2 protein chains.
Amino acid sequence: MATIYEVSKLAGVSLATVSRVMNNNANVSDATREKVTRAMTELGYRPNSIAQSLASNCSNSVGLLVSELQGPFYGPMMSGIETAFRKQSKHVIIAAGHSDEEREQQAIEFLISRNCDGLILHVEAISDDYLIELSKGKTPFVLINRYIEELSSRCIILDNVKGGYLAAKYVLEQGHTDIAYISGPLWKKDAQDRLAGHKQALAEYNLNFNEQLLYQGDFMEDSGATGFQHLHNNAPQFTALICANDEMATGAMATAREYKIKLPEQLSIMGYDNVFFTRHISPPLSTINYPISAMGRMAADWVLSNVYHKNTSPLQTLFEPELIIRQSVLAIPQ
Amino acid sequence: MATIYEVSKLAGVSLATVSRVMNNNANVSDATREKVTRAMTELGYRPNSIAQSLASNCSNSVGLLVSELQGPFYGPMMSGIETAFRKQSKHVIIAAGHSDEEREQQAIEFLISRNCDGLILHVEAISDDYLIELSKGKTPFVLINRYIEELSSRCIILDNVKGGYLAAKYVLEQGHTDIAYISGPLWKKDAQDRLAGHKQALAEYNLNFNEQLLYQGDFMEDSGATGFQHLHNNAPQFTALICANDEMATGAMATAREYKIKLPEQLSIMGYDNVFFTRHISPPLSTINYPISAMGRMAADWVLSNVYHKNTSPLQTLFEPELIIRQSVLAIPQ
DNA sequence: ACATTAAATGTAAGCGCTTACATTTATAAC
DNA sequence: GTTATAAATGTAAGCGCTTACATTTAATGT
């Protein structure tokens, strides 16, 4: 691999001049620019961005930490982010934290030591304190799907209380009063919030929240299945089941069918996230829209604006959930 | 951020010694190792891996180029890869090529200039020649889902001809003789192969392949929808539709329903890939399994073995498709 | 006690770039 | 034709590490 030195040699100029034409920075005469360019193509020269990075202290790369690389939720998020950066020729280094504190921390350390200019973090297990401490460091970062009071300007979040509220309210409007709920793991803030919104809607309808109708899942499909099973066997009768995300709803539906329960006639089901496949399952799942791709793009814009000082459309941190009505919830006949 | 210099100062040793304890390489006495470690934690020292990279000419990171970051196909692949590398504390830099020649090429250049020690490439648009040329360079790479004769030992592929064959054979066994086919874009090798397998099965049943029953899609859901529409309006009657992947099958199914066609009673449908949501749609889709996650792990193993000289389980390049029978194909009554 | 050898540590030259500063060359003003 | 000024180019230091080689220190044998 040719180095800048060889190019300068061939072109008959100094290192600095070659560097200048690369970064088409300063004043270089057309003639020399031409010479240098020619030499570069002749040698098939490709700048070594590691070296650039070290010298300039700017890597043109941003770190992206997500919980998982697969699944209908993170895909669109990553994609939104990559697209935004690609347009500005920034590059993304990716890591998965697997909702595990140590792994998340490790990943952050790596991304920082890797000279990322900025970070986009979707972390779940790491403590607020760690992040607040991190914010005092020199690598700027933005948080997706997590709210920390002290860091509020860099938290891109969905109003999950409202989402939980919307889901429950819709089901209540259809006349249901016996509503089971499969939550996410309640140590996660979003799981808490969704449940809080749920309770709020119940309260508005003067309904008490019955703990027996609650099952705590883990946002994965299987826990929807076991959750349904548990509720079916142990809880009082219910005519509707609200799940804190679509994947658990999917699991619950599959299991309900195994119990020969007709959907949606005998049981209404509500999801959350509006993951892409919800409209393909049967019955098509009513759910709450989570504009994750847009939020990913917004996170990228945050970095573009705060780190690279590019002009972007105005930054927005709070996103609104939206009710998506399909066919999995039936009205109770009066 | 503290540098190695400050650590050496604090510990009262030379740069080299600090470097040695970092890479716990050479002979360092326990006493000095202790001193240095203490100094490191005291300063909160974190090695700058950019600098390490430049000096050692090894970045401990591998580049991963996929067509898209989202979708049920790439997610499991990326995940398999990340997991394998994480265990060996290698890191992955990701890029999306979007099936576009220029973007794929750009991405490869970036990954190389970024000093990736090795590359895992899922490319579609770039030419064989380019890749063959690339293989002469110093950055080793492995190809997923693409076969090039000259590079055969580094091509991790599925036997797509066989997959196409299995799908068609199964449908034929159910008594169908009028079978429509929605292919992938035929400039892609895998699309060609699947179709070839399809034709081969037809031939075994002494059936001619009818061009009118073929629609060329692009592997995306929408093209399944328009494909169905086209076939429904222009093609002769058919009792089964085989799609070259699950997403097109999904699109076709949705549209078929809009035409009030009962599935699977009036039309049998067959997919390909066994993407995770196929079992949730209705009717659950019969399809061909594509062990993409395993193939991702294998690609990672290839790099681990060929680049980092780690011992891995034996490398395998050819993977076998498998018929997955669910409920979307019905036997024709005799 | 002294040579011989091995272990521990230090020295300094890069890795391929960027960039402040110095120097040269061209342009303009008189 | 001089200067003054701006534009173009060159020089060299340094980014934070690794590593070949040189040097010092400790361990061993006689």
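These numbers come from a predicted model, not from an experiment. Letters A, B, ... are given to chains in the order of the sequence lines, protein chains preceding strands, and every chain is numbered from 1.
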Please check the phosphate of [N] (OP1 and OP2 only) for any side-chain N or O of [X] closer than 4.0 Å.
X       : N      : value
A:Tyr45 : C:dC17 : yes
A:Ser14 : D:dT9  : no
A:Asn57 : C:dT18 : no

Identify whether any heavy atom of B:Ser19 sits under 4.0 Å from a base atom; if not, whether one sits that close to sugar-phosphate; answer base, sugar-phosphate or nothing.
-> base
Base, sugar-phosphate, or nothing for A:Thr32, non-hydrogen atoms under 4.0 angstrom?
-> sugar-phosphate
Once you build an axis from the first five pairs and another from the last five of the helix from C:dA1-D:dT30 to C:dC30-D:dG1, how far apart in angle are they, to 10 degrees?
-> 30°
In chain order, what residues pass the side chain to side chain donor-acceptor pair (under 3.5 Å) check against B:Thr32, with sequence neighbours excluded?
-> B:Ser29
Residues passing the side chain to side chain donor-acceptor pair (under 3.5 Å) test with B:Gln52, sequence neighbours excluded, are none
With a 3.5 Å cut-off and sequence neighbours excluded, list the donor-acceptor pairs that the side chains of residues 147-157 of chain B form with protein atoms.
unit_1, atom_1, unit_2, atom_2, d
B:Arg154, NH1, B:Phe141, O, 3.3

Taking only residues at least two apart or on different chains, which pairs with a member in residues 294-305 of chain B satisfy side-chain hydrogen bond (donor to acceptor under 3.5 Å, both in side chains)?
-> B:Ser293-B:Arg297
Whole angstroms only, please: what is the [atom1]-[atom2] distance between [X] and [N]?
X        : N      : atom1 : atom2 : value
B:Asp30  : C:dA8  : CG    : C1'   : 12 Å
A:Ile4   : D:dG10 : CD1   : P     : 12 Å
A:Ile112 : D:dG16 : CD1   : P     : 16 Å
A:Lys9   : C:dG16 : NZ    : C1'   : 15 Å
B:Tyr5   : C:dT11 : OH    : P     : 11 Å
B:Met40  : D:dC17 : CE    : P     : 11 Å
A:Asn24  : D:dA8  : CG    : P     : 14 Å
B:Ile50  : D:dG16 : CD1   : C1'   : 11 Å

Set of residues satisfying side chain to side chain contact (heavy atoms under 4.5 Å, CB included) with respect to [X], sequence neighbours excluded:
X        : answer
B:Arg38  : B:Glu34
A:Lys188 : A:Ser99, A:Glu124, A:Pro185, A:Asp190, A:Ala191, A:Phe219
A:Glu6   : A:Ala2, A:Thr3, A:Leu43
A:Ala55  : none

Whether each nucleotide of nucleotides 22-27 of chain D has a protein heavy atom under 4.0 Å at its base (B), only at its sugar-phosphate (S) or at neither (-) is summarised, 5' to 3', as ------
Nucleotide N/O to protein N/O under 3.5 Å, stretch nucleotides 12-15 of chain D:
unit_1, atom_1, unit_2, atom_2, d
D:dC15, O2, A:Ala55, N, 3.4

Sort and list the pairs that fulfil ring-ring contact (aromatic ring centres under 6.0 Å, His included) and have at least one residue in residues 79-100 of chain B, not counting sequence neighbours.
-> A:Phe110-B:His91
In Å and rounded to the nearest 0.5 Å, what is the CG to CG distance from B:Asp129 to B:Leu134?
-> 12.0 Å
Output the single nucleotide from D:dT9, C:dC17, C:dA8 whose closest atom is nearest the side chain of A:Met22.
-> C:dC17
Report yes or no: does A:Thr83 contribute a side-chain atom to a donor-acceptor pair with the main-chain N or O of A:Ser79 at less than 3.5 Å?
-> yes
Please assess A:Asp117 against A:Lys90 for the test salt bridge (Lys or Arg N to Asp or Glu O under 4.0 Å), listing each intermediate value before the final yes or no.
-> CA-CA 10 Å; A:Asp117 302 326; A:Lys90 306 297 177 203; over 6 Å; no
